[in-house]
**Q** 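Shown below is the structure under consideration.
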Amino acid sequence: MDKRWQPEKFEAEIYRKWESSGYFTPKKDPKKKPFTIILPLPNANDPMHIGHAMFTIQDILCRRHRMMAEPVLWLPGGDHAGIETQFVFEKKLQKQGQSRFDYDRKTLYKMIWDFVEENRKINQFQMKDLGFSLDWSRYRYSLEPEIIKQVLATFKKLHQDGLLYRAERIVNYCTHCGTAFSDLEVDHVEKDGFLYYLDYGPIQIATTRPETIFADVAVAVSPKDKKYKKIACQKAIVPLINKEVPIIADELVERDFGTGALKITPAHDATDFEIGQKHGLPIISCIELSGKMINTIKEIDGLYPKQARQKTIDLLKKENKLIKTEPLRHTVGICYRCKNLIEPLPVPQWYVKTKPLSEAVIKSVKTKETKIFPPRFKKVFLDWMENIRDWNISRQIVWGPQIPAWYCLDCNPEIQINFIDSKGVLVSGKYSEIKDKYRFEEIESGLQTLNAPIEAEYSIEKSKTCKKCGQGHILQETDTFDTWFLSGQWPLTTLGFNVENPEKSSPDFKYFYPTSVMDTLWDILFFWVGRMMIFGFYLTGKTPFELVHLHAKVVDEKGQKMSKSKGNVVNPTEIYQKYGADALRMALIYGVAPASNIALSEKKIEAMRNFCNKIWNAARFIFINLEIPNPKSQISNKFQNSKFKIRKEDREILKLLRKTINSVNKNLDEYRFGQALEEIYQFFWHYFCDLYIEATKNRKEEALPVLLEVLITSLKLLHPFAPFVTESIYQQFKKVLPNYQLTKPEALMIALWPEGISTSKH
RNA sequence: GGGCCCGUGGCUCAGUUGGUUAGAGCAUUCGGUUUACAUCCGAAAGGCCGAUGGUUCGAGUCCAUCCGGGCCCACCA
């Protein structure tokens with residue numbers, strides 16, 4: 001054995017051995033309950049970042065259960081990651097001086113597909129480098145035809161069950177990304193702005209968005225507000241356009257804010273929209289999807305809201321309609337992706353009715369059919385579930401499966417179409433306006449987007465001709481699914497669930513579902529975990545996983561969030577190349593409490609590298625003392641038959657070993673990985689090495705059986721945390737002790753886990 | 001506006017249902033090391049466990065209030 005642990009010499013070979021021996025692929029045994037984890041599918045396009053290295057927790061769970069002789073499946077996959085990937089790709093286009101609007105959707109889709117394929121394997125290699133015991137034979141990609149087939153079937157089922165509908169509401173629209181987002185995808189930031197007090201004739205209002213006055217349809221006051229009682233029957237007058245609008249009363253209006261009167265602009269504010277709906281007010285838009293002003297006055301039309309605001313204020317000042325301006329710190333929504341302001345706009349979208357779906361989920365968490373760890377997240381999860389709002393699943397991007405709904409253009413001539421014609425020119429217009437100038441085939445092949453009015457009729461069955469009018473001018477909805485609509489079904493689709501006929505689901509599904517643990521970063525608890533549970537219960541009536549385990553994010557040594565701009569990002573690849581995978585794995589686990597931030601420093605990684613070296617050298621010491629003159633002669637003769645005296649120190653170390661086994665098991669049973677590792681660390685280094693090995697130096701031969709037993713047992717305990725160094729050592733010993741009882745199994749990875757006397761309650 | 005979490009030696013954090021001298025890694029100081037250890041071993045120094053009050057035979061650990069830091073959710077224009 002070398003003088004020190006050199007990971008680069010062993011890691012790749014060891015991983016190859018495991019994989020080729022088929023250890024990662026479970027043997028299904030109907031008599032045994034399997035242990036299953038579905039890997040949170042990384043963005044197929046992303047190289048690994050430090051967050052992915054936290055999958056170590058899952059590997060620890062899987063490796064331990066595998067050693068406990070359970071059939072273990074850890075299933076890997078990759079996500080096309082709709083908006084994330086398209087965003088990255090568009091940035092790339094931008095660098096080349098292009099944009100997505102230069103391409104029809106088919107071409108763009110193909111380009112992104114190729115872009116992803118180029119990178120799709122990278123993070124798979126990296127996960128292998130980290131030693132993850134994933135069953136690569138079951139790898140799934142979210143855009144595989146079979147996966148998409150099931151996802152579309154779910155859409156159809158939702159539709160049949162009346163849980164799906166189109167609606168035109170205020171959505172969170174990012175004019176830069178050109179798509180709507182769900183409420184979860186909007187970040188809120190505090191911003192210093194101004195509150196403008198405007199003269200609306202008999203009444204004064206206060207607003208932060210004077211540029212939207214052109215779309216005002218009313219002024220609302222609080223019904224409790226006495227000071228406006230008298231003028232309730234009068235009309236307010238919108239300045240600049242001198243439009244008369246009614247003054248109404250609604251309890252959503254806050255009496256003490258501003259003047260207590262709120263201008264109602266249903267098209268550009270969610271609260272106003274709600275009030276507008278209640279009072280039957282019209283919806284007038286003054287900002288279009290491109291983010292530009294429209295339907296205003298000639299000085300303003302075509303401007304972006306920011307410029308429009310200044311211009312409007314100038315004009316209001318001129319007409320003496322601006323009463324005063326006061327500074328106001330308020331929160332605004334920004335796009336979580338591009339950080340630009342979210343523009344609330346009315347757009348027809350597809351929605352899932354979530355309330356009926358959430359009931360089973362809530363019940364399962366309350367009855368602990370689905371457990372959440374750490375338990376403190378249970379409350380926020382339930383709060384969210386209980387107040388869930390309908391889910392907007394439409395995204396106006398191309399990267400992802402299109403929503404399976406079809407419109408007949410002849411029955412819906414008002415449909416707005418954007419396409420690139422055969423000369424490469426972008427054409428926009430209603431179908432009724434363009435149908436005589438272009439052939440349908442030209443429109444279809446150059447199609448970018450269509451925008452169907454809310455009353456448009458659609459079919460969820462694909463057909464060549466319209467059942468109503470018999471024409472063949474049919475286009476599919478160009479909205480694609482929110483990525484989470486696909487990934488929300490991941491535990492089902494990856495295991496082979498059949499939506500249309502659950503009886504026909506694959507044997508894998510029948511055996512491995514429900515899965516055991518879902519481990520993920522808590523920031524996607526609602527995005528993903530919640531949706532997986534919704535789909536799991538909706539489609540199978542069962543929870544998709546018995547336990548949700550949430551871990552925290554990795555921060556730098558000062559406790560600061562890692563970000564590119566701060567320059568404190570730790571690249572896992574560099575780390576494991578320098579220190580070895582085991583050192584990185586342990587640095588992420590050691591001394592970390594459940595779901596608390598993980599402070600990662602180079603010093604800590606070094607310390608764990610030293611620990612690997614310590615393990616290696618303890619083994620080396622024993623290895624050398626086997627002193628085998630001829631490796632083929634059986635070492636066992638040398639000590640197995642010899643009578644040796646058990647001394648006090650032998651008894652003590654064995655007792656301590658037993659104690660360590662117990663506490664490691666207990667800690668692991670309760671998901672205290674950091675504590676478990678600390679226990680082994682202390683035992684191995686400071687008791688076994690510092691005390692026991694030192695004490696046996698003058699009676700090496702006699703102590704050999706105990707040395708070997710403690711070493712091999714420790715290797716087993718350490719294996720889930722540091723698989724490479726432990727397996728490498730084991731293989732060295734196996735070579736010289738092929739028939740020794742402790743080194744019988746082919747690999748440490750499949751050796752029997754040291755069970756303690758369990759003290760935890762089950 | 002509602003909710004959650006954190007505040008323990010210079011730094012980063014453990015401390016599981018309240019129980020003997022509060023732990024680790026890194027950093028610091030001193031000593032040792034001819035062979036398991038690009039190191040390692042031994043020893044030392046360093047903490048009124050954010051503040052105050054309470055429950056208790058006993059609290060870092062439970063309760064209340066306050067101070068300081070972080071996070072999540074929410075339609076205050």
Side-chain angles (χ1 to χ4, degrees), chain A residues 1-6 170 183-184 187-188 193 195-196 205-210 212 219-220 252-265 268-275 328 330-331 333 344 374 376-381 383-384 387 389 522-523 525-526 552-553 555-561 586-587 590-625 663 666-667 669-672 674-679 681-682 685-686 689-691 693-694 697 700 707 759-761:
Chain A
M1 285 175 80
D2 299 318
K3 285 194 78 162
R4 64 184 173 98
W5 164 239
Q6 296 172 80
I170 292 284
D183 293 339
L184 286 175
D187 285 340
H188 296 273
L195 189 59
Y196 303 94
I205 61 102
T207 181
T208 54
R209 299 204 64 184
T212 62
V219 168
L252 284 176
V253 181
E254 204 63 49
R255 195 168 26 166
D256 302 323
F257 188 90
T259 63
L262 170 67
K263 76 185 192 70
I264 300 299
T265 321
H268 303 298
D269 182 276
T271 307
D272 293 10
F273 184 85
E274 196 183 324
I275 295 173
L328 177 74
H330 62 139
T331 53
R376 69 182 142 94
F377 285 102
K378 189 170 156 176
K379 201 181 162 198
V380 278
F381 183 80
D383 277 353
W384 185 77
N387 297 306
R389 297 212 255 144
W522 50 257
D523 66 353
L525 181 62
F526 307 136
K553 66 171 181 284
V555 294
D556 74 4
E557 66 243 88
K558 288 174 195 135
Q560 287 182 315
K561 202 171 167 176
M586 290 197 285
Y590 187 92
V592 173
S596 65
N597 283 352
I598 298 142
L600 189 65
S601 63
E602 191 130 359
K603 288 283 180 200
K604 191 172 180 188
I605 299 160
E606 245 173 58
M608 291 302 131
R609 190 269 322 268
N610 291 349
F611 183 44
C612 291
N613 199 45
K614 190 74 186 176
I615 302 166
W616 177 262
N617 271 289
R620 180 165 178 259
F621 172 78
I622 299 167
F623 191 84
I624 289 168
N625 290 321
S663 82
K666 189 173 180 238
N667 278 310
D669 285 342
E670 292 166 22
Y671 305 98
R672 287 191 297 268
Q675 195 65 23
L677 181 53
E678 270 192 72
E679 301 274 353
Y681 181 100
Q682 287 305 314
W685 195 318
H686 298 303
C689 293
D690 291 354
L691 299 177
I693 290 185
E694 290 302 320
K697 278 189 173 168
K700 293 172 199 165
L707 283 168
T759 46
S760 67
K761 296 156 247 165

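So you know, we letter chains A, B, ... as the sequences are listed, proteins then strands, and number each from 1.
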**Q** Could you check whether A/His330 gets within reach of a base, just the sugar-phosphate, or nothing at all, counting any heavy atom under 4.0 Å?
**A**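 It contacts sugar-phosphate atoms only.
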
**Q** Suppose we screen for salt bridge (charged side-chain N to carboxylate O under 4.0 Å, His left out). Which residues come up paired with A/Arg209, at least two apart in sequence or across chains?
**A**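 Partners of A/Arg209 by the salt bridge (charged side-chain N to carboxylate O under 4.0 Å, His left out) criterion, ordered by chain and then number, come out as A/Glu211, A/Glu343.
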
**Q** List the residues meeting side-chain hydrogen bond (donor to acceptor under 3.5 Å, both in side chains) with A/Asp690, not counting sequence neighbours, and say none if there are none.
**A**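 side-chain hydrogen bond (donor to acceptor under 3.5 Å, both in side chains) list for A/Asp690, sorted by chain: A/His686.
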
**Q** Go through the structure and list residues passing side-chain hydrogen bond (donor to acceptor under 3.5 Å, both in side chains) with A/Ser601, not counting sequence neighbours.
**A**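 For A/Ser601, no residue satisfies side-chain hydrogen bond (donor to acceptor under 3.5 Å, both in side chains) once neighbours in sequence are set aside.
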
**Q** Heavy atoms under 4.0 Å, any strand shown: does A/Trp5 hit a base, just sugar-phosphate, or nothing?
**A**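 Counting heavy atoms under 4.0 Å across all strands, no contact is made by A/Trp5.
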
**Q** Under 4.0 angstrom, heavy atoms only, what part of the nucleic acid is A/Phe377 near: base, sugar-phosphate, or nothing?
**A**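 Since no nucleic acid heavy atom lies under 4.0 Å of A/Phe377, the category is nothing.
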
**Q** Just call it for A/Lys263: base, sugar-phosphate, or nothing, with non-hydrogen atoms closer than 4.0 Å on any strand.
**A**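 Answer is nothing: A/Lys263 stays at 4.0 Å or more from every strand.
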
**Q** Could you tell me whether A/Glu254 contacts a base, only the sugar-phosphate backbone, or nothing, with contacts defined as non-hydrogen atoms closer than 4.0 Å?
**A**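 Base, at least one base atom sits under 4.0 Å.
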
**Q** Listed by chain and number, what are the ring pair (Phe, Tyr, Trp, His ring centres under 6.0 Å) partners of A/Phe273, not counting sequence neighbours?
**A**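 Listed in chain order: nothing, the list is empty.
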
**Q** Excluding sequence neighbours, so at least two apart, what forms salt bridge (charged side-chain N to carboxylate O under 4.0 Å, His left out) with A/Asp187?
**A**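 Partners of A/Asp187 by the salt bridge (charged side-chain N to carboxylate O under 4.0 Å, His left out) criterion, ordered by chain and then number, come out as A/Lys339.
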
**Q** Let me have a per-nucleotide readout for nucleotides 27-43 of chain B, 5' to 3', with B, S or -, counting only protein heavy atoms under 4.0 Å.
**A** S--------BBBSSSS-

**Q** Using atom C1' of each nucleotide, how far apart are B/rU33 and B/rU39 to the nearest Å?
**A**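 That atom pair is separated by 10 Å.
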
**Q** Which side-chain N or O atoms in residues 604-612 of chain A pair as donor and acceptor under 3.5 Å with protein atoms at least two apart or in another chain?
**A**
from     : atom 1 : to       : atom 2 : distance (Å)
A/Lys604 : NZ     : A/Ala587 : O      : 3.2
A/Lys604 : NZ     : A/Tyr590 : O      : 2.9

**Q** So what does A/Thr208 touch, heavy atoms closer than 4.0 Å: a base, only the sugar-phosphate, or nothing?
**A**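 The residue A/Thr208 makes sugar-phosphate contact but no base contact.
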
**Q** Would you call A/Arg389 and A/Asp183 a salt bridge, taking side-chain N to carboxylate O under 4.0 Å as the test?
**A**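 Yes, charged N to carboxylate O under 4.0 Å.
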
**Q** Could you tell me which residues satisfy salt bridge (charged side-chain N to carboxylate O under 4.0 Å, His left out) with A/Asp256, sequence neighbours excluded, listed by chain and number?
**A**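 If we apply the salt bridge (charged side-chain N to carboxylate O under 4.0 Å, His left out) test to A/Asp256, skipping adjacent residues, there are no hits.
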
**Q** Using side-chain hydrogen bond (donor to acceptor under 3.5 Å, both in side chains) as the criterion, list what pairs up with A/Glu679, not counting sequence neighbours.
**A**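 Only A/Ser663 meet the side-chain hydrogen bond (donor to acceptor under 3.5 Å, both in side chains) criterion with A/Glu679.
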
**Q** Residues two or more places apart in sequence or in another chain: which of them pass salt bridge (charged side-chain N to carboxylate O under 4.0 Å, His left out) with A/Glu254?
**A**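 Residues passing salt bridge (charged side-chain N to carboxylate O under 4.0 Å, His left out) with A/Glu254: none at all.
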
**Q** Dot-bracket for RNA chain B, please. Rules: Watson-Crick or G-U, both distances under 3.5 Å, ( ) within the strand, [ ] when a pair crosses earlier ones, | for another strand, . otherwise.
**A** (((((((..((((.....[...)))).(((((.......))))).....(((((..]....))))))))))))....

**Q** Report all interatomic pairs (protein N or O, nucleotide N or O of nucleotides 8-13 of chain B) with separations under 3.5 Å.
**A**
from   : atom 1 : to       : atom 2 : distance (Å)
B/rC13 : O2'    : A/Gly591 : O      : 2.8

